[in-house]
Asks: 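Below you will find the structure I want to go over with you.
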Amino acid sequence: MAGAASQGAQLPGSSEPPAGLDVRSVTVRFGPTTAVDDVSLALQPGRVLAVLGPSGCGKSTLLRAVAGLEELAGGSIHFAGQDLAGVPTHRRGFAMMFQDGQLFQHLDVAGNIGYPLSLKGIRGSARDEEVSRLLSLVDLQGYAVRRPATLSGGEQQRVALARALAARPRLLLLDEPLSALDRSLRERLAADVRHALTTTHTTAILVTHDHDEAFAIADDLAVMRAGRLIQHGTVPEVFRRPADAQTAQFLGYPTVLDPEAAERLTAYLSEPVRGQAVALRREALRAAPIAERDYRQGLVGTVERVSAARDGWHLEVLVPGIGRLPAIATVDVATRVGDPVALQVERSDVVVLGEGGGA
Amino acid sequence: MTTTTATATRRRATRGTSPWLLAAAAALPLAFLAIFFVLPVTGMLTRGFAAEGGGVDLGGFADVFGRARTGRVLWFTLWTSTVATLVTTAVGLPLAYVLYRLALPGRRALRAVVAIPFVMPTVVVGVMFRSLLAPGGPLGWLGLDGHWAAILAAFVFFNLAVVTRTVGATWEHLDRRAEDAAATLGASPWTVWRTVTWPALAPTTLSAASVVFLFCSTAFGVVLTLGGLRYGTVETEIYLLTTTLLDLRAAAVLSVVQFAAVAAMLAVTAYLRERAEVTQSRSGATMSPQPRKVTRSAAVPLAVAGLAIAFLLGPIVSLVVGSLRRDGEWTVANYAALGTVTRSNALTTTVWDALAMSARIALAAALLAVALGLLVSIVVSRRPASRRGRATLRVLDAVFMLPLGISAVTVGFGFLITLDRPPLDLRSSVALIPIAQAMVALPLVVRTIAPALRAIDDRQRQAAATLGASPWQVLRVVDLAVVRRPLLAAIGFALAVSLGEFGATSFLSRPDRPTLPVVIYQLVGRPGAENFGMALAASVVLSVLTGVVMAAVERLRVDSVGSF
């Protein structure tokens, strides 16, 4: 048990069987390929877990296995202490929202949202009231009689979310709910999804390959790669301590340095990093015009590329002994390709890999 | 608020192709249709109205409808077709589920088994059921020889492929995640079927059912061999009136009635098919639908499918066994007799000669049907920008479907009475048979090729055009590349259908050079176990040939073959 906890397979400090979802050593195979390989996860009631990973890493399969749509080749899934083996999908109470909504084309919006209500025997005015309450929750008042085909992608996903919530699921499963949408819509809708989940106190698992989406919606984060669980913890825990270089890159860190380069980079700081790899946020290095003393005690380099960005200049700087590093400069700093610059390291934007919770 | 789905873009109209090019492509098949279909059929139909010495005379209708026999025939046609359609659909749906939706080992082979009856020559199907149900046959104790139930069973046998393949092709590509979504929302498997799957399949199912009804109500060979003199449908009645009673006027009146009914049904079918295309949400390219694992919940469909397969294989096995027996002994005498012309079988050629004749004619018919069918498919799969253009194409599409529903007897006899004088004195020409068979196969060819062309994203053509391809090159690079396999499949399908064609051929076949189905029909009609045994052996030979052709077609894995 202690070994498993140190590998980050379970939430830190959870030794008792959790009241919410408990996924134990789940394996799913498709013929010779192992899509999900010995994955263990736990999720407390009321929390939202994001399973993050590149496409094809098995995260959607894991979600479908939780829903009872895929057979387990090994392991077990428990919810509220009950083993779900042999419980068919429709008796689990886990509503699933699909990447492309999967709205029923032959029903209108109200018919779609009312579908799970009818299954529970809720009819007539009670059903209508609930449908309009859910429509306003997803900000789609007046859409009741529209056909799904006449809605935009974002509207379809809102309806899909409302339909899933209408089932009052014990656990909501979101399979790449925003991936099919364009960026600005995705950001707006992510906030709406978070709002809808928290106001309804819904326990949910979100599967996504987009770290921004995960950060915006989830409380907990599980990182998957090639069918295996790499890291699991709260969002801040995982974000501050990516388990390895690939995870760091997947979490949006543009730069990862090996221990040697990390030591050179942090050599001038009060707490230098020794013998550990690090990941850098874009803001980790700030470029400034070079001064005499920088040559003696500081990090210097040559600007190789300059481009304008919302928050100033984005530079690429060649640092002797380390290599090419991204850096930022404020708008008032006039830099050109070939200029020497001094680099200041923000320690808080440099994270050590695998420290503590990582595997 | 606009729909920005890929389908919307794809449905956007073609602007590139010149209407003149399309008109030219349509002209040849249209001319063929006019001369070899419309002319004979109208020639036949006008016999029903033409008064002595010119003018229109509708007296024929009153006369024909006044006969008690007409009412009996109409009623029999109607109720047998309805019952057969209902049974076929009820059995075909679970069969489609099992063969297209479940990960059943050997399902490809089973799909081929289901397809066999559809291309089996109708005469052979008739012979088969006779061999099964005749006194002394394996099921002789049922006493169903010459019973209407035998006709009904043969209808189901023959048409199960239509429902199974049509619905199966749709079902296989239906996005299973819609069903998954319903299940996660709490719907039981039965509720999922009722509220999600059935609404998506209903238009296709109705469309297939209406085609089955069409086939049943215009069936000829099966009814002629199984019904004898006791039971007749409109189609066999037309045959009887024309050939035996020489009452051309009455035959024409019945043909007109049949034509009106068929045209109405074709319109309904076209409407249903259009709806079927709209309501199907097919799974996207990103996720290929995987068949479901076989579980206990599939027990009922599996049982129905098992019985259906047994029902399909039973007559076939009985046919093969019967062909290998004579006077209660195992023997190959029936096959040995295929090379003989004796006084007892009274044939004009050996069965092998007839087979060679059938093969030559079928090959010519298939090539003609596919050449014309390809042109028709290219034209009807376009999406013109103008409303008028679209309407024109819809009409064209329907016109080329007409041969599907017109009585082959009417076509065959129409050939005889209209193409008998200069400039088209073809009555004694052998070329008439392949032409008539090509007309019968044409709708099936179009149904096989056109869906593949319709499925091409129009932007592919636009991309080719922007890269400098001329309309002709676009056709070659985009359309023909996609259509190669369906084209091969269509040739095979037309070949199989032509090999077994009986209705029109029975009129046109020359006594000294009959085709194999005609010979089989002659053999069934002659007395003696020897002749019946020969008919069985000849039926096996013909079925093996069509079976081999269809097996080759099946290997091409073109979904649209035999689906409507």
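Values reported hereafter were calculated over all heavy atoms of this structure, with side chains retained and with hydrogens, waters and symmetry mates removed.
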Asks: Indicate yes or no: at least one non-hydrogen side-chain atom of Asp180(B) is less than 4.5 angstrom from one of Gln102(A).
Replies: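 No, every pair of side-chain atoms sits at 4.5 Å or beyond.
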Asks: Which of residues 83-95 of chain A have a heavy atom under 4.5 Å from any heavy atom of chain B?
Replies: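 Residues in range: Thr89(A), His90(A), Phe94(A), Ala95(A).
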Asks: Closest heavy-atom contact between Arg176(B) and Leu69(A)?
Replies: NH2-O, 4.0 Å
Asks: Just checking heavy atoms, which of residues 126-136 of chain A are less than 4.5 Å from chain B?
Replies: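 Not one residue of residues 126-136 of chain A has a heavy atom under 4.5 Å from chain B.
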Asks: Please give me the minimum heavy-atom distance between Ala187(B) and Leu119(A), naming the atom from each residue.
Replies: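 Looks like N-CD1, 3.4 Å.
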Asks: Considering only heavy atoms, give the residues of residues 165-179 of chain A separated from chain B by less than 4.5 Å, sorted numerically, with 'none' for an empty result.
Replies: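 Ala167(A) fall under the 4.5 Å cut-off.
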Asks: Please give me the minimum heavy-atom distance between Thr184(B) and Ala67(A), naming the atom from each residue.
Replies: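 Looking at all heavy atoms of both residues, the closest pair is CG2-CB, 4.2 Å.
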Asks: Mind checking what makes ring pair (Phe, Tyr, Trp, His ring centres under 6.0 Å) contact with Phe104(A), not counting sequence neighbours?
Replies: Tyr115(A)
Asks: Around atom CD of Glu71(A), are there more than 12 heavy atoms from other residues, nucleotides or ligands closer than 6.0 Å?
Replies: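 Counting neighbours around CD of Glu71(A), 12 or fewer heavy atoms of other residues, nucleotides or ligands fall under 6.0 Å, so no.
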Asks: Are any of the side-chain heavy atoms of Leu107(A) and Thr195(B) separated by less than 4.5 Å?
Replies: no
Asks: Give, as side chain, backbone, both or neither, the part of Gln99(A) having an atom under 4.5 angstrom from any heavy atom of chain B.
Replies: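 When you check distances to chain B, no heavy atom of Gln99(A) falls under 4.5 Å.
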